[in-house]
Amino acid sequence: MTAIPRFPFRVTHTDGAARAGILETPRGTVATPCFMPVGTKGTVKGVAPERLAAAGAQIVLANTYHLSLRPGSSTVRDLGGLHRFMGWQGPILTDSGGFQVFSLMDTARVDDDGVTFRSVYDGSLQRFSPERSIEEQQRLGADIIMCFDECPPATASVDAVAAAVRRTTAWAARCRKAHAEAGGLGSDGPQMLLGIVQGGVDAALRRESALALLELDFPGYAIGGLSVGEERGPMLETTAATAALLPEERVRYFMGIGDPQGVLDVIERGVDLFDCVLPTRTARMGTAFTPQGRLNLRNSQHTLSDEPLDPECPCTACRTFSRGVLRHLVTQKEMLGLQLLSEHNLTFLSRLVAGARGAIQMNSFAAFRKQWIGA
RNA sequence: GGGGGGAUGCCCGAGUGGCCAAAGGGAGCAGACUGUAAAUCUGUCGGCGCUGCCUACGGAGGUUCAAAUCCUCCUCCCCCCA
């Protein structure tokens with residue numbers, strides 16, 4: 001099989017199934033486990049690049065579906081490529097648009113060759129295929145790109161999930177080929193292409209999916225198709241079982257988890273990377289992550305609170321404002337409130353994950369987990 | 001001085017005899033959010049001893065089986081003419 005870019009990844013420590021590692025990309029090193037903030041349209045909503053860095057982000061996401069429609073991948077390329085576009089010189093990962101097949105299902109039609117969408121921007125008919133997704137991702141120029149997959153909802157029947165697995169496998173081969181034909185190069189340098197394991201919470205289908213993708217020899221693998229409405233228990237079992245099927249020396253990416261407990265749960269099961277809109281979205285809705293759990297700042301009980309959100313947190317919100325003031329900013333829909341809480345939640349999560357990494361290095365992850373979550 | 005319009009629940013505002021504790025919006029209160037169609041969505045939103053009762057549509061009277069809705073007077077507000 002044609003050689004394609006493979007950024008060096010090594011696991012430096014393990015603690016049970018949990019791993020600490022280092023991924024070296026051309027634009028910088030990612031210490032894993034690592035949470036990746038999501039910047040769908042080329043911006044992590046409400047968080048300027050320097051604040052993102054201050055919040056501990058090492059690598060950020062962007063979305064191929066959205067950027068290919070607005071402003072268009074050629075425009076992004078012509079404006080200097082995705083890194084300049086986002087004002088972020090660190091590593092970037094683009095999602096393939098596969099998730100939009102799931103989240104925009106009402107307006108999408110899937111067939112073996114690809115997906116026909118109705119653009120959410122102007123209603124125009126759009127066609128996405130594995131080749132098209134790779135081509136768009138090449139033009140965008142992220143460092144890590146994803147195979148175009150099919151992500152069925154938790155309510156899908158086993159047959160539908162099986163069909164999605166087979167389609168995802170076939171599409172992965174086509175993505176792999178399209179990527180290789182371009183020499184693994186995007187408009188702005190080498191790109192590492194990751195495969196995505198599907199299969200819902202069905203052990204046999206997960207296995208089928210993983211084994212098929214292993215044959216395609218990707219430099220890293222994502223666990224997709226989870227966090228789509230299934231129960232936590234089966235989700236975690238599936239994560240553990242899937243991670244166990246993947247090569248130890250390749251990076252593992254759980255797609256779409258961002259609540260503090262969930263993050264520790266997947267780290268415990270051998271995941272290195274994960275992303276989620278939850279911290280930034282809930283922040284925009286007025287909810288802050290704290291060591292004591294989620295805090296809804298809109299609640300009237302905080303009106304007169306003079307305490308910081310989290311006295312230990314170094315973020316702007318916690319250093320500068322009381323809960324009472326933050327509540328005011330949130331309830332009055334002041335932009336600053338959304339920005340501050342977004343920065344805070346990202347800071348909280350990266351500190352949590354950094355702590356987990358340190359604990360894995362010292363072989364004390366179980367104790368660390370207990371300290372944060374209890375039990 | 002003359003003519004006209006209006007006063008509705010915390011706010012704005014619909015309703016012009018029964019289906020009205022009264023549309024809709026806002027505010028308030030609470031909940032959800034997990035590879036972002038999301039600064040979004042959902043619920044609640046007079047009181048109580050809550051399958052019913054009480055209070056309520058500027059105030060006071062009246063007509064009617066029944067009034068936020070019709071009549072009379074009063075109070076206040078707005079507009080036009082002089």
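Protein chains get the first letters and strands the later ones, always in sequence-line order, with residue 1 at the start of each.
Using a 4.0 Å cut-off between charged side-chain N and carboxylate O, Glu136(A) and Arg139(A) make a salt bridge. By the 4.0 Å N-to-carboxylate-O rule, Asp217(A) lies close enough to Arg6(A) to be salt-bridged with it. One finds no salt bridge joining Arg10(A) and Glu249(A) here, because no Lys/Arg side-chain nitrogen approaches an Asp/Glu carboxylate oxygen to under 4.0 Å. With respect to Asp111(A) and Arg127(A), a salt bridge is recorded, a charged nitrogen being found less than 4.0 Å from a carboxylate O. Salt-bridge annotation for Asp188(A) and Arg77(A): absent, with no side-chain N of the basic residue lying under 4.0 Å from a carboxylate O of the acidic one. The pair Arg166(A)-Asp112(A) fails the salt-bridge criterion, with no side-chain N (NZ, NE, NH1 or NH2) lying under 4.0 Å from an Asp/Glu carboxylate O. Checked for salt-bridge contact, Asp78(A) and Arg84(A) miss the test: no charged N lies under 4.0 Å from a carboxylate O.
Across the strands present, U64(B) finds no partner; the criterion is a Watson-Crick or G-U wobble pair with both atom distances under 3.5 angstrom. Across all strands shown, A38(B) forms no Watson-Crick or G-U wobble pair with both key distances under 3.5 Å. Nucleotide C19(B) has no partner under the Watson-Crick or G-U criteria, as no pair reaches both atom distances under 3.5 Å. Pair check for C29(B) finds G43(B); Watson-Crick or G-U wobble, both atom distances under 3.5 Å.
The P atoms of G2(B) and C73(B) are separated by 15 Å, rounded to the nearest whole Å. Atom P of G3(B) sits at a distance of 47 Å from the matching atom of C53(B), rounded to the whole Å. Nucleotides G62(B) and U69(B), compared at atom C1', are 15 Å apart to the nearest Å. As rounded to the nearest Å, G26(B) and C77(B) have C1' atoms that lie 23 Å from one another. Rounded to whole Å, the P atom of G59(B) lies 13 Å from the corresponding atom of C10(B). If you take atom P in G25(B) and the same atom in U36(B), they sit 31 Å apart, rounded to whole Å. For U64(B) and U72(B), the C1' atoms lie 16 Å apart once the distance is rounded to whole Å. Comparing G1(B) with A56(B), their C1' atoms sit 39 Å apart, to the nearest whole Å.
Regarding Leu349(A), its CG atom lies at a distance of 15 Å from the P atom of U34(B), rounded to whole Å. Taking atom CD1 on Ile257(A) and atom C1' on U34(B), their separation rounds to 7 Å, with Å as the unit. If you measure from atom CG of Leu278(A) to atom P of U34(B), you get 7 Å, rounded to the nearest angstrom. Nucleotide G35(B) holds its P atom 16 Å from the CD1 atom of Ile59(A), rounded to whole Å. Rounded to whole Å, the distance from CG on Asp259(A) to P on U36(B) is 16 Å. Between Phe117(A) atom CZ and U36(B) atom C1' the separation is 14 Å, expressed in whole Å. To the nearest angstrom, P of A32(B) lies 8 Å from CZ of Arg294(A). The distance between atom CZ of Arg281(A) and atom C1' of A37(B), rounded to the nearest whole Å, is 10 Å.
Counting atom types as modelled, Asp149(A) pairs a side-chain N or O with a base atom of G35(B) as donor and acceptor under 3.5 Å. Within 3.5 Å, a donor on the side chain of Thr280(A) pairs with an acceptor on the base of U36(B), or the reverse. Side-chain N/O atoms of Asn63(A) and base N/O atoms of U36(B) include no donor-acceptor pair closer than 3.5 Å.
Within the 4.0 angstrom heavy-atom criterion, base atoms lie near Arg232(A). Within 4.0 Å of Gln198(A), counting heavy atoms only, lies at least one base atom of the nucleic acid. Using a 4.0 Å heavy-atom cutoff across all strands shown, Ile196(A) reaches at least one base atom of the nucleic acid. Within 4.0 Å (heavy atoms only), Gly98(A) reaches no atom of the nucleic acid at all. Within the 4.0 angstrom heavy-atom criterion, only backbone atoms of the sugar-phosphate kind lie near Asp275(A); the bases stay farther away.
Here U36(B) is the nucleotide among U34(B), U36(B), G31(B) with the atom lying nearest to any side-chain atom of His66(A). Closest to the side chain of Thr107(A), from the set G31(B), A37(B), G35(B), is A37(B). Distances were taken from every side-chain heavy atom of Val38(A) (C-beta onward) to each of A37(B), G35(B), C33(B); the shortest belongs to G35(B). When each of G35(B), U34(B), G31(B) is scored by its nearest atom to the side-chain atoms of Tyr253(A), the top-ranked nucleotide is G35(B).
No hydrogens or angles considered: a donor-acceptor pair under 3.5 Å links the side chains of Gln137(A) and Ser133(A). Side chains of Arg294(A) and Thr282(A): no donor on one and acceptor on the other come within 3.5 Å.
In this structure, Asn296(A) does not reach the C29(B) phosphate: none of its side-chain N or O atoms is under 4.0 Å from OP1 or OP2. Here Gln100(A) reaches the OP1 or OP2 of U36(B): one of its side-chain N or O atoms lies under 4.0 Å away. When the side-chain nitrogen and oxygen atoms of Arg327(A) are compared with OP1 and OP2 of C29(B), one or more of them lie within a distance under 4.0 Å. Taking only side-chain nitrogens and oxygens, Thr40(A) comes nearer than 4.0 Å to OP1 or OP2 of U36(B). Between Ser103(A) and G35(B), a side-chain N or O to OP1/OP2 separation shorter than 4.0 Å is absent.
The backbone N or O of Thr107(A) lies less than 3.5 Å from no partner atom in the side chain of Arg118(A), so there is not a single donor-acceptor pair.
Annotation: Phe365(A) is not in aromatic contact with Trp372(A) [ring centroid separation under 6.0 Å not met].
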Short heteroatom pairs, N/O only, protein and nucleotides 39-41 of chain B, under 3.5 Å:
residue : atom : partner   : partner atom : Å
A39(B)  : OP2  : Arg284(A) : NH1          : 2.5

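Nearest-nucleotide mapping onto RNA chain B: of Asn299(A) and Gly39(A), the residue sitting toward the 5' end is Asn299(A). When each of Val120(A) and Thr303(A) is assigned the nucleotide of RNA chain B bearing its nearest heavy atom, the one mapping closer to the 5' terminus is Thr303(A).
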